[in-house]
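Inspection log for the structure reproduced underneath, given as structure tokens.
Keep in mind that what you see is a predicted model, and the values were worked out from it rather than measured. As the structure lists them, so they are numbered: ligands from 1, and atoms in each ligand from 1. We number each residue from 1, following the sequence as shown.
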Amino acid sequence: MHTYFSEKTDFYGSSSPHELVSRYGSPLYVYNENILRRRCRDMTGFIPYPNYKVNYSVKANANLELLKIIREEGLNADAMSPGEIFVLLAAGFKPKQILYISNNVSAEEMMYAVNLGITVSVDSLSQLETFGEHNPGGDVAVRINPGFGIGHHDKVVTGGSKTKFGINDDCIDEVKALIKKYRLNLVGINQHIGSLFMNGEPYIQSVQTILDIARQFEGLRFIDLGGGFGIPYQKQDGEKPLELKLFGEQVADILSAWARRYNPDIEFMSEPGRYVVAECGILLGMVHAKKENSGVLYAGTDLGFNVLARPVMYDAWHDIEVYPKHGSIVSSSKEKVTVVGNICESGDVVARDRELPPLSIGDILGVMDAGAYGYSMSSNYNNRLKPAEILIRADGMHQLIRRRDSLEDLLRNFNDYIAPVLP
Ligand code: LLP
């Protein structure tokens, strides 16, 4: 059971976690191309409606090689910053394939996108005014707050009254006035109600809401329905994936009916991040210590929250697989253990009170479903090095797709850099 997912999916191809770690070091992000492609196709086939496009939300994972695969699979992209735009262009996305969903940005950042020919979505009246002042007569999109949101944690609910995002529908007259004042073309509206739902109902409700709002605007070219599609993080307990078929058909019916009646040329979009990349990534780390403190058994690893922030930031659950150092047989006995990292805070816990096979120093742990918001939220806290990233190609061979930070990288932004004299 504790290596079930990677065995079932032939995750590591012709390598083993121990081989990969001994070659590339620990911790290590490992991605599987076959799983990534499958998840891309789930999304491009999700809504059976001809004028439907998927914008991959690059914030979930911006590795260049993964982006190239995602582009090959026919996805477009949404970006949240000039840095994301820059990397998308480097991965071969064309400006027309990118939507810049900005939030509280400077005029310079807006114009960075505009000058590249990328459509900008703004999400407040104040930012619409800034956009109009700097790009009068230009194309613009507006992010709508549909009045409710959803998400696996309060911090990732992005619709409703407790969030900074979007323009409420009671401000639509003011949107129209600004559009007129600056002779802007409102080419699209977009929304994103939050991250991670496992049941399509709220999404469908939000689709209906944005379509109602869309009727108040003329000449829209697109309506972007947002992301948030969840994945089952508790597969070891039998959690089932999101049921996409019926859900997609229901959305398609609503979209077709609306388009027939109000705007047959409209393009619809969604913007999934997590769904596309979460399951194709496993984070490997190594057990370096074991101890008992006040009745709690700890496994000390290199899986600090500098490498994976989700458990600390959102109390997020990730299943754990154990790859024992000695022999390939995982013990069938279990003990309750709290898996912690090597960072200077007590909150540095990857998995609390887990029933795992007894761990030994040198065992490797695989943190499942780490492809989304894993590397992209990692940091150099405690001056730790960001890990390498490896891709298991479709033929089972592995490839380094981002090298590990070096110690020198920690000094590269200092102007008066003087190579330290090492003892
Ligand atoms: N569109 C917009 C405007 C977004 O802000 C996001 C995510 C997405 C699309 C993609 O959402 P997804 O399909 O991945 O749920 N760091 C958190 C998730 C934060 C999501 C932020 N916005 C986590 O690790 O759970």
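- Ligand 1 lies within reach of Gly228, whose nearest heavy atom is under 4.0 Å from it.
- Counting protein heavy atoms only, atom 16 (N) of ligand 1 is closest to Tyr314 OH, 2.7 Å.
- The shortest N or O to N or O distance between Ser195 and ligand 1 is below 3.5 Å.
- At a heavy-atom distance under 4.0 Å, only side-chain atoms of Ser57, from C-beta outward, approach ligand 1.
- Using a 4.0 Å cut-off between heavy atoms, Tyr275 makes no contact with ligand 1 at all.
- When the options Lys155, His153, Glu271 are ranked by their closest heavy atom to atom 2 (C) of ligand 1, first place goes to Glu271.
- Between Tyr203 and Phe229, the ring planes are tilted. Angles from 30° to 60° get that label.
- Minimum interatomic distance between Asp369 and Lys235 (heavy atoms only, all atoms of both residues): OD1-NZ, 2.8 Å.
- Under a cut-off of 6.0 angstrom, the local environment of OH in Tyr262 is crowded, with over 12 non-hydrogen atoms contributed by other residues, nucleotides or ligands.
- Annotation: Lys155, atom NZ; neighbour count of heavy atoms from other residues, nucleotides and ligands within 6.0 Å is above 12.
- Of the polar atoms of Gly273, at least one N or O is found under 3.5 Å from an N or O of ligand 1, judged by distance alone.
- Contact annotation: for Lys59 versus ligand 1, heavy atoms closer than 4.0 Å belong to the side chain alone.
- His18 and Tyr323 have their aromatic ring centers separated by at least 6.0 angstrom.
- A cation-pi arrangement is found for Arg310 relative to Tyr233, the charged atom lying closer than 6.0 Å to the ring centre and inside a 45° cone about the ring normal.
- Heavy atoms of Gly226 stay at 4.0 angstrom or farther from ligand 1.
- In terms of polar-atom proximity, Met80 is not counted as a contact of ligand 1, lacking any N or O under 3.5 Å from an N or O of the ligand.
- Protein heavy atom closest to atom 25 (O) of ligand 1, with residue, atom name and distance, is His152 NE2, 2.7 Å.
- Every atom of ligand 1 with a heavy atom of Pro272 under 4.0 Å away is listed here by number and element: 13 (O).
- For the pair Thr158 and ligand 1, no heavy-atom separation below 4.0 Å is found.
- Comparing heavy-atom distances from atom 24 (O) of ligand 1 across Met377, His192, Arg310 singles out Arg310 as nearest.
- A salt bridge is absent between Lys334 and Glu355: the closest approach of a Lys/Arg side-chain nitrogen to an acidic carboxylate oxygen does not fall below 4.0 angstrom.
- Looking only at heavy atoms of the protein, atom 20 (C) of ligand 1 is closest to Tyr373 OH, 3.5 Å.
- Taking the six-membered ring where the residue is Trp, the centroids of Tyr31 and Phe11 are separated by 6.0 Å or more.
- The pair Glu84-Lys59 does not count as a salt bridge, with every side-chain nitrogen at least 4.0 angstrom from each carboxylate oxygen.
- Ion pairing of Asp315 with Arg352 is absent here, as no side-chain N (NZ or NE/NH1/NH2) approaches a carboxylate O to less than 4.0 Å.
- Closest to atom 19 (C) of ligand 1, if we only count protein heavy atoms, is Val156 CG1, 3.7 Å.
- Of all atoms in ligand 1, numbered sequentially from 1 with element shown, those under 4.0 Å from a heavy atom of Arg143 are 3 (C).
- Other residues, nucleotides and ligands contribute over 12 non-hydrogen atoms within 6.0 Å of the NZ atom of Lys176.
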